[in-house]
Amino acid sequence: MSASLKNAVKRKTHKERAQPTARRKFGLLEKKKDYLLRAKDFHKKEDAIRVLRGKAEARNPDEFYFAMEKARTKDGVHLVSTSEPNRYSQEELRLMKTQDVGYLTLKAQAEAKKVERLRSSLHMIGMAKPRHTVFVDGEEEAAAFDPAAYFDTHPDLVGRAFNRPRTEQLANPPPVAEGDTLAGVAARSERRRATAYKELLQRQARGEKLSALAARMAYAKEVAGKGRKRKLTPAEAGGQKGVFKWKAERKR
């Protein structure tokens, strides 16, 4: 049999032995690959401890560096300063700011799309205070005007700008689940609507903050870039601070 046909024949799948029922309290049965990982980790830590012990034994008690004057310890642990000034060049900083601006712009666009979807589904019902103007023929008719009769609804529902059922609908209420009432259904619907509008306002505020932050970072990136520029005084910039004016350059 050729090698290709030998590999094409289905072979028996050898399943790994599971943990016996009597030893199930000890967790999964350790296989050789698990032991190798555990052994490598143990020997790595063992080697690190050996190196540190050797450094401690060979330490010179009179050793001194000027950096020791500013070194600090907390609970016996040496604090290492994480600030590294001038670690990146100006070009690397501009590249990182470009990536940050791109990320913030992407998140702002995603928030704008979510706000648009929420706004299209909610239709902004109840957000504004609409005014319904009814025209009548005279002052007598205006004095005798009955809003409940005109809108064909219950007097308690006249002040609503939406979800104002007519008298016929109130006389024949829709079926509800057993143990539930129309008032309970309406209250839950109102809570869901309020939650949706709260989310809409929060997403709008978040999108505006992201857009403003992206604009500020993009401006800071341009200021850190090349080109001769001059910082304007607040009087020249109309009361604004941190405004720069670049010198006009002729592009080739």
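With rounding to the nearest 0.5 angstrom, the CD atom of E46 is 7.5 Å from the CD1 atom of I49. With values rounded to the nearest 0.5 angstrom, L104 atom CG is found 13.5 Å from K209 atom NZ. Going from atom CD of Q202 over to atom CG of L118 covers 11.0 Å, rounded to the nearest 0.5 Å. In this structure, NZ in K198 is found 13.5 Å from CZ in R203, a value given to the nearest 0.5 Å. Q204 contributes atom CD, which lies 10.5 Å from atom CD of E111 (distance to the nearest 0.5 angstrom). Atom CG in L210 sits 11.0 Å away from atom CD in Q109 (nearest 0.5 Å).
Counting non-hydrogen atoms of other residues, nucleotides and ligands closer than 6.0 Å to CZ of F244 gives a total above 12. Counting non-hydrogen atoms of neighbouring residues, nucleotides and ligands closer than 6.0 angstrom, the NZ atom of K107 reaches no more than 12 such neighbours. The 12-atom threshold is exceeded at NZ of K229, counting heavy atoms of other residues, nucleotides or ligands nearer than 6.0 Å. Remark: L52 CG is packed, more than 12 non-hydrogen atoms of other residues, nucleotides or ligands lying under 6.0 Å away. Annotation: K33, atom NZ; neighbour count of heavy atoms from other residues, nucleotides and ligands within 6.0 Å does not exceed 12.
Residue pairs meeting the ring pair (Phe, Tyr, Trp, His ring centres under 6.0 Å) criterion with at least one member in residues 59-78, sequence neighbours excluded, are F64-F66.
Ion pairing between D34 and R38 fails under the 4.0 Å rule for side-chain N and carboxylate O. Under the 4.0 Å criterion applied to side-chain N and carboxylate O atoms, R50 and D47 are assigned as salt-bridge partners. Salt-bridge formation is not detected for the pair K245/E236: no Lys NZ or Arg NE/NH1/NH2 atom is positioned less than 4.0 Å from an Asp or Glu carboxylate oxygen. Ion pairing between a basic and an acidic side chain is recognised when a charged N comes within 4.0 Å of a carboxylate O; E63 and R59 show no such pairing.
Heavy atoms only, all atoms of each residue included: L29 and A18 are closest at CD2-O, 3.7 Å. Nearest approach of L200 to R119, heavy atoms of both residues: CD1-N, 4.3 Å. Residues G207 and A108 come closest through the heavy atom pair O-CB, 4.3 Å. A pairwise comparison of heavy atoms in A214 and T105 identifies CB-OG1, 4.0 Å as the closest pair.
The closest donor-acceptor contact from the side chain of N60 to the backbone of D62 lies under 3.5 Å. Between the side chain of S120 and the backbone N or O of R117, at least one donor-acceptor pair lies under 3.5 Å.
Y219 and W246 have perpendicular rings, their planes meeting at more than 60° on a 0 to 90° scale where under 30° would count as parallel.
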Stepwise side chain to side chain contact (heavy atoms under 4.5 Å, CB included) test for D100 and M217: CA-CA 8 Å; D100 293 341; M217 293 188 67; 3.4 Å; yes

